[in-house]
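Proteins get letters first, then strands, A, B, ... in listed order; numbering begins at 1 in each. Note that the structure is a prediction, hence the values are computed from the model and not measured.
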Amino acid sequence: MEGPARVGGTIGAATGETGCDAHWAGWTSVSWGSTILPMNAVLVFPRFIGRAVLGGFTQLGRFSLLTFEIIRGLREWRIWLPRTITEMASVGMGSLFIVILIASFTGAVTAFQAGYQWQTSLPLYVLGTLIVSNIVLELGPVLVGLVLAGRIGARYAAELGTMRVTEQIDALDSLGRSPASHLIIPRVITGFVMLPVLTILADLVAILVGWYSVKQVLPITDADFIYGAQYYYRPFDGYYSIIKAFFFGGAITLISCYTGFNTKQGAEGVGRAVTAAVVASMVIILVLNATLARVLLN
Amino acid sequence: MIELIGVHKRFGEQVVLDGVDFDVREGETVALLGASGSGKSVLLKHINGLIHPDAGQVIVDGQNVVTIGRKNLARLRTQIGYVFQNGALFDSMDVFENIRLGLSDETQYTDAEFSQDRVTECLRLVNLPPETAKKFPAELSGGMRKRVGIARAIAGRPKYLLYDEPTSGLDPVNADIIDQLVKQLDNELGVTSVMVTHDVRGAFRVADRLALLSEGTMALQGTQEEFLQSDNPRVREFLERDFHTAPVAA
């Protein structure tokens, strides 16, 4: 097959485009065998790839800069510590109801499903193992992470996005104050600390509700349940739940602060930042969940 | 002294500043005029390093804002009060906390008695009653928000004050009050000020010198007389358009 050949135009003619496009200036179309394609159509795909790669590197660069700012701002503990305590109290108290609600339903559903799938050949105490392991290893941290990705992620992205478009972040900068230590560090530390705390609470509530619920559908005694729960339980299971929550909390708050902090173009930009923060946080939670399972459970 | 030398700035394909030279001497007030979208606010943000130029120098108090480094820039910014166009007040904090954040000295910031006195003093300077301190930005009128923005900017006793359209969006009465306030603060505090505005009347009332930014370049920078006598078509067009609607009361 023949290679591409230039058709029409003059090399170097001004097209008003810059960079790589200048090289192609004057190429109005390209012939490939008997097919003649307009130059713009030929360049659509390479342009798309180029922009996607550049966009990716830009985001990575900005995220790295924000991370450096956070690390640098840690020295200003007098500024971020009181704000962090306030933020933790706000997130903890504000999330209490939804976390207890989700944990209760999760515990109940786990118990009911275990009862539905139950084989009479197995000893009843295995139910205790099943419910506790499911909740502690997977359901507790992941469900709390996903719900708080919506709750905290959306809130932080919206707050910081609004502050960006109304120049409040510029105002902090102009006062010689670090937005990282005033706005980002308190939120990120809150995520790292409060997600594990809320996950421990969720695990406990879900186990208690699961215990109560499974007694409603199968003739299991308290002693059987406790025996089963303890029989296969390893302390690492609890640590694993907390480690997962720690990573989820950090990911949610870092992503949402990053998207909010880099918001552009008014109310529409804030809306986009919130959507991006929630979607990206949820995706990262699922990716981290699989990665941590592979790394820590093998 | 503030000095911009050959400053270039573009956003994507749009050239906003195309080799702008601009200077403000110690103790004077310069009004930076220009049509909406002419790059006045962009130029102002260069002065305290909120925006960095693609080329050129920005010298404030003998230091090059572009190359000064993060720590020194933060220190320099405590010498520059910036009044944002829409106040940019922290809406989750009350007026007291907003103004208190303007205290650049951390010892003063954490000293409850000092900060209380300073906030009250700043509110007095912008002609607001002390009770305003307890209000939140959402409870304030547009004019009051602007004045609280000014109070925050002066709280740290800056050497320079930058006003980004302090009268935009205000009715003529409130605009006049803000103009008088700018003049009064310049006299009382002895600061060096730059006021971005497209209100020619206000500019003539407040400023020692004027500058007109047009088409990415500085069309003219000079005294009120030089402006009024200028043959520069860009200056004439800008002045006459405003003079037709409202006579200058210098």
Side-chain angles (χ1 to χ4, degrees), chain A residues 14-19 21-22 51 54-55 58 65-66 68-73 75-83 86-87 90 94 155-156 158-183 186-187 260-261 264-267 270, chain B residues 10-13 41-42 44-51 65 68 70-93 97-107 109-110 137-138 145 148-149 152-156 158 160-165:
Chain A
T15 60
E17 292 176 320
T18 56
D21 293 331
R51 281 182 186 145
L54 281 176
T58 307
L65 283 174
L66 186 72
F68 283 133
E69 284 294 314
I70 290 170
I71 294 166
R72 216 156 26 189
R75 280 176 303 183
E76 298 175 338
W77 62 271
R78 280 192 182 84
I79 291 168
W80 60 255
L81 188 60
R83 289 171 171 81
T86 311
E87 196 61 42
S90 162
R155 186 184 131 192
Y156 284 177
E159 278 176 1
L160 293 177
T162 306
M163 290 186 82
R164 170 62 74 193
V165 299
T166 54
E167 295 184 306
Q168 291 177 50
I169 293 177
D170 282 347
L172 262 183
D173 259 330
S174 76
L175 293 168
R177 295 182 173 275
S178 156
S181 42
H182 280 79
L183 303 173
R187 287 169 167 84
F261 201 70
K264 284 174 185 160
Q265 296 164 357
V270 175
Chain B
R10 64 191 292 170
F11 295 107
E13 296 297 306
S41 298
V42 170
L44 201 68
K45 284 178 178 172
H46 276 81
I47 296 174
N48 74 342
L50 285 176
I51 295 178
V65 173
I68 190 175
R70 183 178 169 274
K71 208 178 256 182
N72 288 331
L73 179 61
R75 202 171 296 136
L76 179 65
R77 277 174 174 162
T78 63
Q79 294 293 307
I80 306 172
Y82 196 108
V83 181
F84 285 83
Q85 192 168 347
N86 296 311
L89 301 179
F90 305 112
D91 42 25
S92 58
M93 299 176 185
E97 279 302 324
N98 264 283
I99 299 174
R100 184 167 165 241
L101 264 181
L103 293 171
S104 45
D105 187 320
E106 210 55 35
T107 320
Y109 177 78
T110 48
R145 287 168 73 97
V148 172
R152 183 177 66 185
I154 61 174
Y160 302 95
L161 266 177
L162 311 177
Y163 301 90
D164 190 358
E165 308 226 11

Given that the side chain runs from C-beta out, which part of B/L89 has a heavy atom under 4.5 Å from chain A: side chain, backbone, both or neither? backbone
Salt bridge or not for A/R83 and A/E87, using N-O below 4.0 Å? no
When the 4.5 angstrom heavy-atom criterion is applied to A/R72 and chain B, the contacting part is side chain
Go through B/S41 and A/E167 one step at a time and tell me if the side chain to side chain contact (heavy atoms under 4.5 Å, CB included) criterion holds. CA-CA 12 Å; B/S41 298; A/E167 295 184 306; over 6 Å; no
Checking A/L172 against chain B: side chain, backbone, both or neither under 4.5 Å from a heavy atom? both
Salt-bridge contact A/E76-A/R177 (side-chain N to carboxylate O under 4.0 Å): no
Quick one: CD1 on A/I70 to CG on A/L65, what's the gap to the nearest 0.5 Å? 11.0 Å
If you count heavy-atom pairs under 4.5 Å between each of B/R77, B/R75, B/R152 and chain A, which one has the most? B/R77
Go through the steps for B/V65 and B/N48 under the test side chain to side chain contact (heavy atoms under 4.5 Å, CB included), then give the verdict. CA-CA 7 Å; B/V65 173; B/N48 74 342; over 6 Å; no
Cut-off 4.5 Å, heavy atoms of chain A, and the answer for B/L50 is side chain
Checking heavy atoms, do the side chain of A/S174, its backbone, both or neither come under 4.5 Å from chain B? both
